[in-house]
There are 4 protein chains.
Amino acid sequence: MLQENNGEAGLLHWLGGQIDPHSGVPIYLQVRQALTRAVQRGTLRPGDGLPTVRALASELRLAPSTITRAYAELQRGGLIESRAGAGTTVSPQAKQSLARAESQEGLLEELRDILHRLFASGMSPADVQANVAQVIQGLGREAR
Amino acid sequence: MLQENNGEAGLLHWLGGQIDPHSGVPIYLQVRQALTRAVQRGTLRPGDGLPTVRALASELRLAPSTITRAYAELQRGGLIESRAGAGTTVSPQAKQSLARAESQEGLLEELRDILHRLFASGMSPADVQANVAQVIQGLGREAR
Amino acid sequence: MLQENNGEAGLLHWLGGQIDPHSGVPIYLQVRQALTRAVQRGTLRPGDGLPTVRALASELRLAPSTITRAYAELQRGGLIESRAGAGTTVSPQAKQSLARAESQEGLLEELRDILHRLFASGMSPADVQANVAQVIQGLGREAR
Amino acid sequence: MLQENNGEAGLLHWLGGQIDPHSGVPIYLQVRQALTRAVQRGTLRPGDGLPTVRALASELRLAPSTITRAYAELQRGGLIESRAGAGTTVSPQAKQSLARAESQEGLLEELRDILHRLFASGMSPADVQANVAQVIQGLGREAR
DNA sequence: GTGGTCTAGACCACA
DNA sequence: GTGGTCTAGACCACA
């Protein structure tokens, strides 16, 4: 119990150092990214409990709803799981979710690179968007 | 102009054989692609005159607006030029325009491949479109 | 101008009838669903402007943040587009987004049916979830 | 029991040929599948005795825990029965258990198909897992 | 006690 | 003026 308390206290303290309210980056995003890094580094592992919304809010001197928003997005990304009454834990598939997010970030960089090259070659934004929309429409067809 | 009449009659006949109204491919696209192929093969060369919109429409038994659309897109792509009174001609930079179009087609294939991989990794179409829009906005900012 | 005003006034009035704060369904969800229905029925069409967050909030006697949340989710689903200063409009690809959402709903029903049959045949929830996780892992591999 | 010894020796030898430690398939799974096939083909019939964990482990040169895990899963599937002192036998309902396992495999294929279609239509893995979890929770409620 | 929803209103960047 | 973020706190369902 003491050990766990120490670990959680350490996490709270570390999180406090990750948040800069004047950086211009929305705070809920900073919280989300800090927790993502904690899972990446293994500080938080699948099954580990996260601080409660209120505990983290009071530690970081933020409104609870700001933490709630960060937690909600992490949940949507499959990194954590929240249940009323039971608290919030790192999800069993957190590693896979991270791997997916990282591969997506890599793909997004490739996407941006190609878009820049298309625009540089004179293609209009409208044409590019039309091509993207066409691929999306094709997906719908596959899914039927 | 008169000496081109024979060639033009041959072109009209050849174009007629390139259009299949039942193929499902939009007819303006077929016209555009057929004329592009004619330039690729050297049947049409920089400076050559194209049939007027009305002549081509009546020959292919299509609505003039269909031809207008095909010509407009080819003009936008830099393959042909229209000037009031002077008719439509293959533009002097047609070869470079073709090369650019081909490189664009290659880039578009890369684009489609990346999009498919992004969707396969679970990214939502709305998120992808948001990323594309973001790059476009960024371009606007650079241009300012 | 008057016609547009009428249309928007009509939409506001209709939306008011779609929200029941005592139904147990979160209000932001009710707003989201009502607007989705409006697009489904063609009351709202691509390019149409939606009421401003504040106008809709005051009409429905809700806090602005409740509307903001509904708009944010609709935006995430690709149905609408919001830009600070420019207001919120139905997105050009709204129809495709709807089609995708509908086909997803159909697939989710199939999914629930199969899950029930698997459980009825004696498979444990843990085994089912393991199978789902395995498919997801496979996706990551494809995306690389 | 003695009269089964010949048969059992044959079984042990046949099992040895079914296991390939370099195939990448977990060995406990290979053992489980090999024994399942033996029941499918009638080599093992309801009431027949299986080798003891230690006998099979030493014959196949595997760790006893590997065999234990294979036996445990077969038991969970209703294919075999273990009783302290009496050893392990093919259960009387083995045939029905097999039929159920086969129908489960069919359902799992349907499950995988639907999951792929959901991901292809842009649904995120986290959303899919949330839906699965929701069905499981619903089952719990029904059972109460 | 826990997370989720909602309020009423402040403040910000963008236009 | 517009949407996006954030606050401080109330209320709810679930456990």
Side-chain angles (χ1 to χ4, degrees), chain A residues 5 8 19-33 35 48-76 79-91, chain B residues 126 130 133-134 136-138 140-141 144, chain C residues 8 19-33 35 48-76 79-91, chain D residues 126 130 133-134 136-138 140-141 143-144:
Chain A
N5 261 343
E8 190 147 314
I19 306 302
D20 173 9
H22 306 299
S23 71
V25 179
I27 299 174
Y28 77 92
L29 257 182
Q30 295 185 45
V31 174
R32 198 188 83 181
Q33 290 166 345
L35 287 168
D48 283 358
L50 272 73
T52 67
V53 169
R54 286 160 175 81
L56 188 47
S58 103
E59 173 71 21
L60 303 182
R61 306 194 178 179
L62 299 171
S65 56
T66 302
I67 308 299
T68 297
R69 182 163 186 184
Y71 277 20
E73 298 211 350
L74 288 166
Q75 206 173 347
R76 192 152 55 85
L79 208 77
I80 66 176
E81 291 176 359
S82 296
R83 266 185 308 172
T88 302
T89 54
V90 178
S91 82
Chain B
Q134 205 180 331
I136 291 174
Q137 271 192 317
R141 235 174 260 138
R144 260 171 240 158
Chain C
E8 190 148 312
I19 307 301
D20 174 8
H22 306 299
S23 71
V25 179
I27 298 174
Y28 77 91
L29 257 182
Q30 295 185 45
V31 174
R32 198 188 82 180
Q33 290 166 345
L35 286 168
D48 284 358
L50 272 74
T52 67
V53 169
R54 287 160 175 83
L56 188 48
S58 105
E59 173 72 21
L60 304 182
R61 304 189 180 185
L62 299 171
S65 57
T66 303
I67 307 299
T68 297
R69 182 163 187 185
Y71 277 20
E73 297 212 348
L74 288 166
Q75 207 174 349
R76 194 153 52 85
L79 209 75
I80 67 177
E81 292 175 359
S82 296
R83 266 185 308 172
T88 302
T89 54
V90 177
S91 82
Chain D
Q134 204 180 331
I136 290 174
Q137 270 191 318
R141 235 174 262 137
R144 260 170 237 158

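Per chain, numbering begins at 1; letters A, B, ... match sequence-line order. Remember, predicted model here, so these are calculated numbers, not experimental data.
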Nearest listed nucleotide, side chain of [X], among [options]:
{"X": "C:R69", "options": "F:dT7, E:dT5, E:dC6", "answer": "E:dT5"}
{"X": "C:Y28", "options": "E:dC6, F:dG4, F:dC6", "answer": "E:dC6"}
{"X": "C:S82", "options": "F:dC14, F:dC6, F:dG4", "answer": "F:dG4"}
{"X": "C:T66", "options": "E:dC14, E:dG3, E:dC6", "answer": "E:dC6"}

Near DNA chain F, under 4.0 Å by heavy atom, which residues of residues 50-64 of chain C?
-> C:T52, C:V53, C:R54
Give one of base, sugar-phosphate or nothing for A:E81, where a contact means two heavy atoms less than 4.0 Å apart.
->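 Contact class for A:E81: none.
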Length of the [atom1]-[atom2] vector between [X] and [N], whole Å:
{"X": "C:I80", "N": "F:dG3", "atom1": "CD1", "atom2": "C1'", "value": "11 Å"}
{"X": "C:E73", "N": "F:dG4", "atom1": "CD", "atom2": "P", "value": "13 Å"}
{"X": "C:I27", "N": "E:dA8", "atom1": "CD1", "atom2": "C1'", "value": "14 Å"}
{"X": "C:H22", "N": "E:dT5", "atom1": "NE2", "atom2": "C1'", "value": "15 Å"}
{"X": "A:I67", "N": "E:dG3", "atom1": "CD1", "atom2": "C1'", "value": "13 Å"}
{"X": "A:Y71", "N": "E:dT5", "atom1": "OH", "atom2": "P", "value": "16 Å"}
{"X": "C:R32", "N": "E:dT5", "atom1": "CZ", "atom2": "P", "value": "11 Å"}

For A:L60 and A:L56, run side-chain contact (heavy atoms from CB on, under 4.5 Å): C-alpha distance rounded to whole Å, both residues' side-chain angles, the deciding distance at 0.1 Å, then the answer.
-> CA-CA 6 Å; A:L60 303 182; A:L56 188 47; 3.5 Å; yes
Is A:R76 atom CZ crowded by more than 12 heavy atoms from other residues, nucleotides or ligands, each under 6.0 Å away?
-> yes
Yes or no on side-chain contact (heavy atoms from CB on, under 4.5 Å) for A:I19 and A:I27, after CA distance, side-chain angles and deciding distance?
-> CA-CA 7 Å; A:I19 306 302; A:I27 299 174; 4.0 Å; yes
Could you please name the partner base of F:dC14, counting Watson-Crick and G-U wobble pairs only when both distances are under 3.5 Å?
->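 Looking at the geometry, F:dC14 pairs with E:dG1.
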Side-chain N,O (A:Q75) to OP1/OP2 (E:dG3) below 4.0 Å |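 False: A:Q75 side-chain N/O out of range (4.0 Å or more) of E:dG3 OP1/OP2.
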Below 4.0 angstrom from OP1 or OP2 of F:dC6, is there any side-chain N or O of A:S65?
-> no
Is there a donor-acceptor pair under 3.5 Å between the side chain of A:T68 and the backbone N or O of A:P64?
-> yes
Taking the nucleotide of DNA chain E with the closest heavy atom to each, which residue, A:T68 or A:G85, is nearer the 5' end?
-> A:G85
Between A:Q30 and A:S23, a side-chain donor and acceptor under 3.5 Å |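 There is such a pair between these side chains.
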Please test C:Y71 against C:L50 for side-chain contact (heavy atoms from CB on, under 4.5 Å), starting from the C-alpha separation and ending with a verdict.
-> CA-CA 10 Å; C:Y71 277 20; C:L50 272 74; 3.7 Å; yes
How close do C:E73 and C:R32 get, heavy atom to heavy atom, and via which atoms?
->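 It is OE1-NH1, 2.6 Å.
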